[in-house]
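Encoded as structure tokens, the structure appears first; notes follow it.
Lettering of chains follows the sequences in order, A, B, ..., and the numbering in each one begins at 1. Because the structure is a prediction, the values reported are computed rather than measured.
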4 protein chains.
Amino acid sequence: MTSSDSALRKSRGRPRTPGAEGRILEAALEEYGERGWAGFTMDAVARRAGVGKSTVYLRWRDKDSLLTDAIEAHSSGIEEVDTGSLRSDLEQLAANLFRHYMDPIGWATVRLTVDAATASAALGMFGQRVARRHSESLFAIVGRAIERGEVPADFPTMTLFQCLYGAVTMQSMTLLGARRDLTDDEIARRVTPLVEFVMPS
Amino acid sequence: MTSSDSALRKSRGRPRTPGAEGRILEAALEEYGERGWAGFTMDAVARRAGVGKSTVYLRWRDKDSLLTDAIEAHSSGIEEVDTGSLRSDLEQLAANLFRHYMDPIGWATVRLTVDAATASAALGMFGQRVARRHSESLFAIVGRAIERGEVPADFPTMTLFQCLYGAVTMQSMTLLGARRDLTDDEIARRVTPLVEFVMPS
Amino acid sequence: MTSSDSALRKSRGRPRTPGAEGRILEAALEEYGERGWAGFTMDAVARRAGVGKSTVYLRWRDKDSLLTDAIEAHSSGIEEVDTGSLRSDLEQLAANLFRHYMDPIGWATVRLTVDAATASAALGMFGQRVARRHSESLFAIVGRAIERGEVPADFPTMTLFQCLYGAVTMQSMTLLGARRDLTDDEIARRVTPLVEFVMPS
Amino acid sequence: MTSSDSALRKSRGRPRTPGAEGRILEAALEEYGERGWAGFTMDAVARRAGVGKSTVYLRWRDKDSLLTDAIEAHSSGIEEVDTGSLRSDLEQLAANLFRHYMDPIGWATVRLTVDAATASAALGMFGQRVARRHSESLFAIVGRAIERGEVPADFPTMTLFQCLYGAVTMQSMTLLGARRDLTDDEIARRVTPLVEFVMPS
DNA sequence: AATTAATCGAGACGGTACGTCGGGTCTTATG
DNA sequence: CATAAGACCCGACGTACCGTCTCGATTAATT
């Protein structure tokens with residue numbers, strides 16, 4: 001996003017150190033995970049990545065850009081699920097999202113999305129990108145359900161997406177901070193009524 | 001939360017300037033609205049409120065506390081609705097929430113809730129408080145619907161709350177930044193299918 | 001100085017770009033003249049010379065070396081004088097030195113000499129070299145005066161040199177900054193009493 | 001210079017810490033003495049003075065200003081001499097100046113003067129101030145000599161000043177770097193012929 | 001009335017991080 | 001295979017803000 005420029009650079013002079021980009025992103029995530037936003041420092045990231053600060057600023061405009069990229073790169077999306085039935089697919093998906101949010105970096109995606117929705121220019125279309133990537137999983141699931149005839153072809157998938165993801169996100173909002181170490185069982189107990197509600201059997 | 005303490009102070013010495021508290025909260029909101037989180041500084045708040053920094057720090061522990069209080073005080077909750085029918089009550093409520101989010105300070109509530117869910121100690125139970133206050137409106141609505149016999153007594157109100165509010169929040173996440181000036185008509189077009197989905201006619 | 005090495009390189013590999021050396025020296029002088037010591041940067045010199053930084057560092061050890069060479073190369077010494085009489089020779093010489101100091105780069109010689117006297121190793125014997133070159137003119141003048149019998153053979157030329165050059169330098173120190181555009185007349189008015197003092201008629 | 005402003009400040013707000021100014025100047029000198037110009041760091045000065053960087057920058061515009069002030073404050077002038085005879089007064093004075101230059105900070109005065117003569121605005125009239133202060137000693141000496149009848153009343157003191165100080169400065173330029181630990185004897189050997197030259201017995 | 005104590009506006013304080021920039025080194029592709 | 005281009009590491013720059021502190025000036029309640 002910030003770095004690529006063009007693949008076909010003639011590139012005179014010393015080429016950019018190959019590993020650097022990745023090491024910096026990784027260091028950024030680790031720092032963010034350990035210290036949180038408040039304690040997230042460019043100097044610390046550079047030091048941890050074994051890299052000069054200028055090397056970081058050569059690739060990212062500022063702190064926000066780096067953190068955004070780092071988190072977006074990491075939050076590669078929820079794992080696909082395909083259990084054969086719509087209901088259990090949804091339960092799995094919701095549970096996966098829940099687990100994703102338990103991870104500080106997973107939750108950071110939400111944080112950045114909310115920030116992006118505030119600051120007009122800075123964080124750009126971060127929210128849209130994340131939403132699209134996440135919704136794709138759900139569209140795949142519903143697509144298969146339509147093929148199987150479980151739901152009609154004009155099923156309002158997007159609305160389902162908003163309700164299901166929204167509900168999980170809302171739960172996480174009030175839950176996290178207090179505790180972020182739910183067992184699979186507890187997650188299931190929270191997810192099942194949700195799916196039952198949006199997709200009554 | 002931070003300020004009140006107790007009304008029955010004997011209070012020797014000069015009493016606190018009456019208007020100060022309010023002026024500071026107001027200034028905080030204005031600053032936050034204009035400059036966003038990044039540009040939100042205590043110095044600016046104090047200056048705008050025409051108050052010394054110590055006067056601010058005498059009342060609020062730190063920046064987070066002030067901003068939290070300011071936003072919580074402003075976001076006094078969604079207006080009650082009572083149209084006589086559950087469906088239109090829900091549509092009204094969702095539309096109100098939507099409008100609430102269009103306001104930068106309304107949206108800030110979400111931002112803080114998300115932050116609060118990250119930083120363990122700092123922002124405390126902000127999320128819970130907000131959720132409780134918002135959910136009360138919904139419980140009132142559903143309560144009346146139960147009395148009218150529109151829904152069974154064991155209706156999963158909390159789940160409805162999470163889905164409805166979650167969905168509106170999700171929409172706002174991907175919408176805002178791009179544009180935050182939806183007409184009532186556009187809001188209705190977004191809200192109706194949501195309510196139809198969670199509460200099929 | 002730093003660069004030449006030897007002309008008779010067998011020169012395997014790519015030969016050095018012919019113009020580079022000169023362009024760099026010139027760029028160095030221009031930069032130094034425009035921005036002064038504080039604003040004198042290797043990057044700027046390289047950029048102005050249309051050359052990579054390594055091209056510069058291949059020829060000069062460091063910033064000091066480059067600047068030293070650039071200035072020493074330019075400041076090719078005070079023009080010789082030979083009017084036939086010691087007094088007027090001295091007046092001419094002192095006036096020439098004065099004019100030399102009016103030129104920013106001429107004055108830079110002094111600056112570097114002083115720097116050289118501070119930093120032990122870095123600038124090496126710059127001071128001595130400059131002093132020797134300048135004093136040679138004077139020794140020539142006094143040599144002729146001795147031959148003409150104007151002064152005794154054991155005349156303390158070195159002391160005269162120090163007094164005359166020192167006095168002109170001192171005047172320049174307090175003069176420059178204020179104005180560096182003395183007319184020949186003003187220079188004469190400053191020089192004459194000096195020579196009268198060190199060489200009473 | 002930078003700080004004074006006015007004695008009659010109404011002085012609202014916390015007054016500036018009294019000792020700070022002095023501690024900073026002292027720390028600056030020590031740092032400069034130990035590390036030289038290249039290693040002279042604002043951070044280090046602040047740390048050594050036990051002071052925040054902002055406290056330094058509140059008083060001095062930038063690095064140059066601080067160092068200038070520090071050196072000017074320290075270089076409080078050459079000690080007065082009064083031996084009863086002009087010649088030995090001059091020898092003493094020249095020797096004192098020599099010793100002053102042996103001290104890195106004493107020599108720094110020269111460096112700054114030369115810089116000041118280059119950069120028009122930055123260092124202001126530093127050269128003039130230094131020259132005036134130093135010349136006052138000499139004027140006192142010559143004044144007494146005139147009273148004693150050793151020299152005529154119209155003696156060109158300023159020219160003497162320029163020659164004597166200039167000569168000592170010139171010697172130091174070519175001497176320093178090599179070695180800056182002359183014994184009193186060596187100093188005397190360098191000074192005597194100088195005085196003999198400008199003031200023949 | 002004099003004393004006491006809390007609060008006020010103002011702003012300096014010690015820190016810490018920011019994003020920039022320069023020095024000198026190192027790694028490529030180029031000629 | 002020496003040279004040239006420019007990315008690299010390092011660390012200082014000067015700025016901004018945090019939350020604390022120290023002033024002198026109010027402003028009641030208590031002596």
Side-chain angles (χ1 to χ4, degrees), chain A residues 10-18 20 38-47 49-63, chain B residues 9-17 20 38-44 46-47 49-64, chain C residues 9-17 20 38-47 50-64, chain D residues 10-18 20 38-47 49-63:
Chain A
K10 251 320 148 46
S11 129
R12 284 214 290 192
R14 177 175 180 172
R16 296 201 169 167
T17 305
F40 179 79
T41 304
M42 292 303 257
D43 293 73
V45 170
R47 207 177 319 118
V51 136
K53 256 208 296 182
S54 43
T55 304
V56 179
Y57 278 101
L58 199 56
R59 291 168 167 73
W60 287 277
R61 201 179 334 91
D62 53 18
K63 206 158 89 143
Chain B
R9 295 275 316 296
K10 237 17 193 320
S11 115
R12 265 208 318 175
R14 174 175 180 170
R16 294 194 171 175
T17 305
F40 180 80
T41 63
M42 293 301 258
D43 294 72
R47 206 177 319 119
V51 137
K53 265 209 292 181
S54 45
T55 304
V56 179
Y57 277 101
L58 201 54
R59 291 166 166 75
W60 288 276
R61 201 180 335 93
D62 53 19
K63 202 159 92 144
D64 288 334
Chain C
R9 296 277 317 296
K10 248 329 157 34
S11 118
R12 288 214 288 193
R14 175 174 179 173
R16 293 196 171 175
T17 305
F40 180 81
T41 62
M42 293 302 257
D43 293 74
V45 170
R47 207 176 319 118
V51 136
K53 264 209 293 181
S54 49
T55 305
V56 179
Y57 275 100
L58 199 55
R59 290 165 167 75
W60 287 277
R61 199 179 338 92
D62 54 17
K63 200 159 94 144
D64 289 333
Chain D
K10 252 312 146 49
S11 140
R12 285 208 290 191
R14 177 175 179 172
R16 296 197 172 171
T17 306
F40 179 79
T41 304
M42 291 302 256
D43 293 73
V45 170
R47 209 176 316 119
V51 137
K53 260 210 293 182
S54 43
T55 304
V56 179
Y57 278 100
L58 200 56
R59 291 166 167 72
W60 287 276
R61 204 182 328 87
D62 54 17
K63 206 159 88 144

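With hydrogens and angles ignored, no donor-acceptor pair under 3.5 angstrom links the side chain of D:R14 to the base of E:dC13.
Atoms CG and CZ, on B:D64 and B:R61 in that order, are 8.5 Å from each other to the nearest 0.5 Å. Of the inter-residue distances, the one linking D:T41 atom OG1 with D:K53 atom NZ reads 10.0 Å to the nearest 0.5 angstrom.
You'll find the side chain of C:T55 stays beyond 4.5 Å of the side chain of C:T17, heavy atoms only. Side-chain contact between D:R16 and D:R59 is present, with heavy atoms from C-beta onward closer than 4.5 Å.
Comparing B:T55 and C:D43 by the nucleotide of DNA chain E whose heavy atom lies nearest to each, the residue mapping closer to the 5' end is B:T55. Residue whose closest nucleotide on DNA chain F sits further toward the 5' end, between C:V51 and B:A44: C:V51. The 5' end of DNA chain E is approached more closely, in terms of each residue's nearest nucleotide, by B:G52 than by the other of D:G52 and B:G52.
Atom CZ in B:R47 sits about 13 Å away from atom C1' in E:dG9, given to the nearest Å. Computed from coordinates, the B:Y57 OH to F:dC17 P distance equals 12 Å when rounded to whole Å. Rounding to whole angstrom units, CE of residue A:M42 and C1' of E:dT20 are separated by 12 Å. D:R59 places its CZ atom 9 Å from the P atom of E:dA12, with the value rounded to the nearest Å. The distance from atom CZ of B:R16 to atom C1' of F:dA29 is 17 Å, rounded to the nearest whole Å. A straight line from CH2 of A:W60 to C1' of E:dC18 spans 18 Å, rounded to a whole angstrom. E:dT28 atom C1' lies 15 Å from atom CG of C:L58, rounded to whole Å.
Residue C:S54 is in base contact, counting any heavy-atom pair closer than 4.0 Å across all strands shown. Within the nucleic acid shown, D:K53 comes within 4.0 Å of at least one base atom, counting heavy atoms only.
An OP1 or OP2 oxygen of E:dC18 is reached within less than 4.0 angstrom by a side-chain nitrogen or oxygen of A:K63. Distances shown here put every side-chain N or O of D:T17 at or beyond 4.0 Å from the OP1 or OP2 atom of E:dA12.
Counting all heavy atoms, side chain and backbone alike, B:Y57 lies closest to B:M42 at OH-CG, 3.4 Å.
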